[in-house]
A.B. asks: 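Dumping the structure here so I can ask a few things about it.
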Amino acid sequence: MAAKQTDLVGTVWRDDMWLSNYPLNHHTAVDYFACSPFWDPGCNNVRARLEQRALTDLRGIEYTLDSCQEPHLFVICKQERQSADAAVPVVFYYVLDGSVYQTPTIHGVLSARLSRCMYSVQCAFLRLQKDLDPLMKTVPGPSKVFSLPSLPTQHSKLQMRRVPSNEDMHSTNRIISHVLRKNALAALGQQQQSSMLSSEPSEFHLPHVRGNTPAASGAPQS
């Protein structure tokens, strides 16, 4: 039966005196880890050393070196030995440049990243609200609380529809006339360039604009 697991994700352990006296390699990594608070004194490693037996002959919690990248990284696996050929991993630890850490679970990693994302989103909304506060002060009415606009209903869509007035039509015609006059020279240059590249030259006619009223269809062009 597996021993009760203690969550020591936030714990970092290091022994500078041990590192100054002994080298840290794949032979001594487990011995260095045995000095840390992550070590279980009742594990099979201690029993195997006292009883002069192999780890595969015992059942219970044991620590093994899972992988390493000498001299910086060593991964220690805490596993439960169920048989000589079967062991279930329980927790992983890693020794990085002499400092021992417990690897967090996937749930812990996702929770931490989601919390960081939520913090960033909240900061963005607070900054947006701060930028909108000066604009909301100019809005008439007793309420100054900013809220997202609701989707328009069919009744509100019908109310928003209205017949354009004469002033709106005159304003639109003035804008169209201004755009046509502004882009007339550019259109003429493009037409001349395309005529030079084509085998058959084509004629170009400037659009005829009469103030605010559009030209009648079928009128002769000068």
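Note that the coordinates shown come from a computational prediction; the quantities given were computed from them, not determined experimentally.
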A.B. asks: Can you tell me how far the CG atom of L58 sits from the CG atom of N45, to the nearest 0.5 Å?
C.D. replies: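 Result: 9.0 Å between the selected atoms.
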
A.B. asks: Sort and list the pairs that fulfil salt bridge (Lys or Arg N to Asp or Glu O under 4.0 Å) and have at least one residue in residues 52-67, not counting sequence neighbours.
C.D. replies: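 Residue pairs passing salt bridge (Lys or Arg N to Asp or Glu O under 4.0 Å), neighbours aside: E51-R53, E62-R81.
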
A.B. asks: Give a yes or no answer on whether the side chain of E70 reaches the backbone of H26 with a donor-acceptor pair at less than 3.5 Å.
C.D. replies: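 Between the backbone of H26 and the side chain of E70 there is a qualifying donor-acceptor contact (under 3.5 Å).
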
A.B. asks: With ILVMFWY side chains joined below 4.5 Å, transitively, what does Y119's cluster contain besides itself?
C.D. replies: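 ILVMFWY cluster around Y119 holds nothing else.
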
A.B. asks: Looking only at non-hydrogen atoms, find the nearest pair between V9 and P104 and report the distance.
C.D. replies: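 Closest heavy-atom pair between V9 and P104: CG1-CB, 4.0 Å.
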
A.B. asks: Filter on ring-ring contact (aromatic ring centres under 6.0 Å, His included), then keep only pairs touching residues 39-64, sequence neighbours left out; what's left?
C.D. replies: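 Residue pairs with at least one partner in residues 39-64: F33-Y63, W39-Y63.
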
A.B. asks: Can you name the ring-ring contact (aromatic ring centres under 6.0 Å, His included) partners of F92, sequence neighbours left out?
C.D. replies: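 Listed in chain order: nothing, the list is empty.
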
A.B. asks: Apply side-chain contact (heavy atoms from CB on, under 4.5 Å) to P71 and list each qualifying residue two or more places apart in sequence or on a separate chain.
C.D. replies: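 By the side-chain contact (heavy atoms from CB on, under 4.5 Å) rule, P71 matches no residue at all.
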
A.B. asks: For atom CG of D85, is the number of surrounding heavy atoms from other residues, nucleotides or ligands below 6.0 Å larger than 12?
C.D. replies: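 Incorrect, the count does not exceed 12.
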
A.B. asks: Within this structure, what is the NE2-CG distance for the pair H27 and L65, rounded to the nearest 0.5 Å?
C.D. replies: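 One gets 10.0 Å once the value is rounded to the nearest 0.5 Å.
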
A.B. asks: Only counting residues at least two apart or in another chain, list the ones meeting side-chain contact (heavy atoms from CB on, under 4.5 Å) with H72.
C.D. replies: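 With sequence neighbours excluded, H72 shows a side-chain contact (heavy atoms from CB on, under 4.5 Å) to D97, given in chain and number order.
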
A.B. asks: Who else is in L110's hydrophobic cluster (ILVMFWY, side-chain heavy atoms under 4.5 Å, direct or via others)?
C.D. replies: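 Members alongside L110: I106.
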
A.B. asks: Answer with yes or no whether the hydrophobic clustering places I76 together with W18; edges join I, L, V, M, F, W, Y residues whose side-chain heavy atoms lie under 4.5 Å apart.
C.D. replies: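 Yes, it is one cluster - the side chains of I76 and W18 are joined through contacts under 4.5 Å.
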
A.B. asks: Can you hop from V46 to Y93 via hydrophobic side chains spaced under 4.5 Å?
C.D. replies: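 Yes, V46 and Y93 fall within the same hydrophobic cluster.
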
A.B. asks: Begin with the C-alpha distance, continue with both residues' side-chain angles, and end with the deciding distance and a verdict on side-chain contact (heavy atoms from CB on, under 4.5 Å) for F74 and V30.
C.D. replies: CA-CA 9 Å; F74 302 89; V30 177; over 6 Å; no

A.B. asks: Minimum heavy-atom separation for P37 to L8, with atom names?
C.D. replies: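 For P37 versus L8, the nearest heavy atoms are O-CD1, 4.0 Å.
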
A.B. asks: Could you list the residues that satisfy salt bridge (charged side-chain N to carboxylate O under 4.0 Å, His left out) with R49, not counting sequence neighbours?
C.D. replies: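 Expected list: D31.
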
A.B. asks: Nearest 0.5 Å, what's the SG-CG distance between C123 and L128?
C.D. replies: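 Between C123 SG and L128 CG, I get 13.0 Å after rounding to 0.5 Å.
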
A.B. asks: Can you pull the salt bridge (Lys or Arg N to Asp or Glu O under 4.0 Å) pairs that have at least one residue in residues 116-129, sequence neighbours excluded?
C.D. replies: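 Not a single pair qualifies under salt bridge (Lys or Arg N to Asp or Glu O under 4.0 Å).
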
A.B. asks: Are V100 and V90 joined in one hydrophobic group, where the rule is that I, L, V, M, F, W and Y side chains link up if heavy atoms are under 4.5 Å apart?
C.D. replies: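 Shared cluster, yes.
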
A.B. asks: Would you mind listing the cluster partners of V121? Hydrophobic ones only (ILVMFWY), side-chain contacts under 4.5 Å, chaining allowed.
C.D. replies: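 V121 clusters with F125.
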
A.B. asks: Do W13 and L73 sit in one hydrophobic cluster, given that two such residues count as connected whenever their side-chain heavy atoms are within less than 4.5 Å of each other, even indirectly?
C.D. replies: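 No: no chain of side-chain contacts under 4.5 Å links W13 to L73.
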
A.B. asks: Residues in side chain to side chain donor-acceptor pair (under 3.5 Å) with N25, at least two apart?
C.D. replies: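 So N25 forms a side chain to side chain donor-acceptor pair (under 3.5 Å) with T28.
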
A.B. asks: Applying salt bridge (Lys or Arg N to Asp or Glu O under 4.0 Å) as the test, list every pair that has at least one member in residues 15-30; sequence neighbours left out.
C.D. replies: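 Those involving residues 15-30 are R14-D16.
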
A.B. asks: With the 4.5 Å side-chain cut-off for hydrophobic clustering, are I61 and L50 part of the same group?
C.D. replies: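 Linked within one cluster.
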
A.B. asks: Please assess Q102 against T11 for the test side-chain contact (heavy atoms from CB on, under 4.5 Å), listing each intermediate value before the final yes or no.
C.D. replies: CA-CA 7 Å; Q102 177 180 333; T11 303; over 6 Å; no

